[in-house]
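One structure below.
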Amino acid sequence: MLSSCKNSSYITYECKYESPPFIDEIVSDMMEPCGKQHRGRAVLSNSPAPDNAVHMQSNDYLAIATDPRVARAKANALIEQGHGDAISRVFGHSRQDMHRQFEYRVAGLTRAEDAVLMMSGYNANTGVVQAFASPETPVYIDIMAHASLWEGILCARAKARPFRHNNVEDLKRKIKRYGPGLVIVDSLYSTNGNLCPLVDFVDAAEAGGCAIIVDETHSFGCHGADGGGLCVELGLADRVHFRTMGLSKAMAARGGIVVGSARNMEFLRYEARPMIFSTSVLGYEIAGFNAALDIIATERWRRERLHANHRYLRTGLLSLGYDVRASDSQIISLLTGGLENTVAFRRYLDKNGLLGSVFAPPATPDNKMLLRLTVNAALQPHELQHALDICAGAQSTIDMKGWPILLS
């Protein structure tokens, strides 16, 4: 049956599919608006916000997503060269093309021997774990590591050995029990803005005969010399076997990259299944990457402003009694707890003009939902103060007694 969308010329089809009962059960459970799974629209959808709303949802930390220099570089490349071959990169690894030149550039920036460009940060994380772990490899992973890293463990059919968040002693105990393997951490955790004590974890991995993967997605561009990341900043670049970076944060684009030794990267190019079976990042996107790196390298004030804005907002929230002590960098998370608290808090902030991002299952446990505020370099002092005023108003308007969000 054909139908037209309201206010649209598009034609859609109304089909009466008969799904097996187990499919209907799954969909019904997931679509329950306020059900026990609480993955429905009630949690994740925004309420209408005022025109002067302060947006703290974007991962565009350095505020370059709309920079005309990046747009111009992409447009010129697209006009002059087209978008290039939409094929798997595995067929073009040996070419000295703009993809390869970009890999060399990132390797130099991150003090690595070589780099491999992939289609997303998710692919980079999944691919590096899948390629370098076997079913016999114990994989020691921080419980707060990104879902893509856990997916890599599943793809490798390896055994996950989770350790408590940022707890190096728990990691040491597990290595002693299960033996050498692969250690996985984030340098900056995306849920709470917590920095990893990287020196301690690299020491523990070396002592236990383990290789280590550090996901630098949220620190690349924002930390280190010219934005090279925390491993560069801490002098660990030659001690970390693999570093991954999603290019959708400070770079404000799409794509992912893995850096490491030349030997390991050559192996990764032909063993990572997300690399082999995905279409390559396109040429005009590489032009945008290079323009973004130029800005990051030459406009240091963006990193300085980013961290100053973070300090201002974090200090203000702490003074209001919000427990944001875990936030070490540009991500600030407000732990709301359960469904009702989260919905009430989200709706209040939306209505009053502060837009953040709700994290709910499967991204969090059932009773540890949160609302994440991400700071960027473009936020002005009056906008940060407006956000603090809204958070102060929430305390006097919503019954927040006993919420985990508040300091006791």
Side-chain angles (χ1 to χ4, degrees), residues 33-61 63 144 189-194 305-361 363-408:
C34 291
K36 63 181 180 180
Q37 300 288 339
H38 41 75
R39 297 172 181 171
R41 292 183 293 271
V43 182
L44 297 179
S45 62
N46 282 90
S47 303
D51 292 338
N52 66 339
V54 177
H55 292 259
M56 293 191 183
Q57 297 172 306
S58 173
N59 291 319
D60 180 21
Y61 298 136
M144 292 184 68
Y189 286 89
S190 61
T191 49
N192 62 4
N194 211 195
R305 177 83 61 79
L306 171 69
H307 298 306
N309 284 349
H310 166 258
R311 287 192 298 271
Y312 184 98
L313 186 62
R314 182 180 184 273
T315 300
L317 288 169
L318 285 170
S319 69
L320 291 173
Y322 284 92
D323 189 357
V324 292
R325 292 171 294 181
S327 173
D328 298 316
S329 200
Q330 64 266 19
I331 297 165
I332 299 177
S333 288
L334 306 174
L335 182 63
T336 49
L339 173 65
E340 292 184 6
N341 292 355
T342 305
V343 171
F345 191 61
R346 169 68 173 276
R347 287 176 177 168
Y348 181 87
L349 297 192
D350 283 357
K351 179 180 178 181
N352 289 277
L354 176 57
L355 303 184
S357 302
V358 167
F359 276 47
T364 69
D366 288 354
N367 63 342
K368 291 187 178 179
M369 298 171 67
L370 56 88
L371 188 136
R372 188 181 75 176
L373 304 176
T374 51
V375 181
N376 65 68
L379 289 169
Q380 299 301 309
H382 73 274
E383 294 177 301
L384 296 169
Q385 188 56 51
H386 182 55
L388 291 173
D389 291 342
I390 293 169
C391 290
Q395 292 178 319
S396 59
T397 305
I398 305 172
D399 182 7
M400 299 175 70
K401 186 177 181 180
W403 282 31
I405 200 172
L406 298 178
L407 290 165
S408 56

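Note that this is a predicted model, so its numbers are computed, not measured.
Not a single donor-acceptor pair under 3.5 Å links the side chain of Ser329 to the backbone N or O of Gly193. The backbone N or O of Leu406 sits nowhere less than 3.5 Å from a side-chain atom of Gln395 that would complete a donor-acceptor pair. Side chain of Thr374 to main chain of Ile331: no donor-acceptor pair is present (N/O by atom type, distance under 3.5 Å, no hydrogens or angles). Between the Thr336 side chain and the Asn341 main chain, no donor and acceptor come within less than 3.5 Å of each other. Proximity of a side-chain donor or acceptor of Arg372 to a complementary backbone N or O of Ser190 within less than 3.5 Å is detected. Under the 3.5 Å distance criterion, the side-chain polar atoms of Asn192 are left unmatched by any main-chain donor or acceptor of Ser333.
Considering all non-hydrogen atoms of both residues, Thr342 and Gly337 come closest at OG1-O, 4.1 Å. Closest approach of Arg325 to Asp323, counting heavy atoms only: NE-OD1, 2.8 Å. Closest of all the heavy-atom pairs between Ile398 and Ala344 is CD1-O, 3.8 Å. The two residues Ala387 and Leu313 come nearest to each other via the heavy atoms CB-CD1, 4.3 Å.
Atom CG of Leu335 is separated from atom CG of Leu370 by 6.5 Å, given to the nearest 0.5 angstrom. Interatomic distance, Met56 CE to Leu371 CG, rounded to the nearest 0.5 Å: 11.0 Å. Here OG of Ser327 is found 9.0 Å from CG of Leu318. Values are rounded to the nearest 0.5 Å.
Residues Asp60 and Asn376 form no side-chain contact, since every pair of their non-hydrogen atoms from C-beta on lies 4.5 Å or further apart. The side-chain heavy atoms of Pro361 and Met369, taken from C-beta on, include a pair separated by under 4.5 Å. For the pair His386 and Leu354, the minimum side-chain heavy-atom distance is 4.5 Å or more. Put simply, the side chain of Leu388 reaches to within 4.5 Å of the side chain of Tyr312, judged on heavy atoms.
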Could you check Gln380 against Arg305 for side chain to side chain contact (heavy atoms under 4.5 Å, CB included), going step by step and ending with a plain yes or no?
CA-CA 10 Å; Gln380 299 301 309; Arg305 177 83 61 79; 3.9 Å; yes
Start with the C-alpha gap between Leu349 and Leu355, add the side-chain angles, then the distance that decides, and say whether side chain to side chain contact (heavy atoms under 4.5 Å, CB included) holds.
CA-CA 7 Å; Leu349 297 192; Leu355 303 184; over 6 Å; no
What do the steps show when you test Leu373 against Leu334 for side chain to side chain contact (heavy atoms under 4.5 Å, CB included), and what is the final call?
CA-CA 8 Å; Leu373 304 176; Leu334 306 174; 4.2 Å; yes
Quick one, Leu384 with Leu379, criterion side chain to side chain contact (heavy atoms under 4.5 Å, CB included). Give me CA distance, side-chain angles, the key distance, then yes/no.
CA-CA 7 Å; Leu384 296 169; Leu379 289 169; 4.0 Å; yes
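Shown here is Gln385, whose CD atom has more than 12 heavy atoms of other residues, nucleotides or ligands within 6.0 Å.
Ring geometry for Phe345 versus Tyr322: interplanar angle of 30 to 60°, hence tilted.
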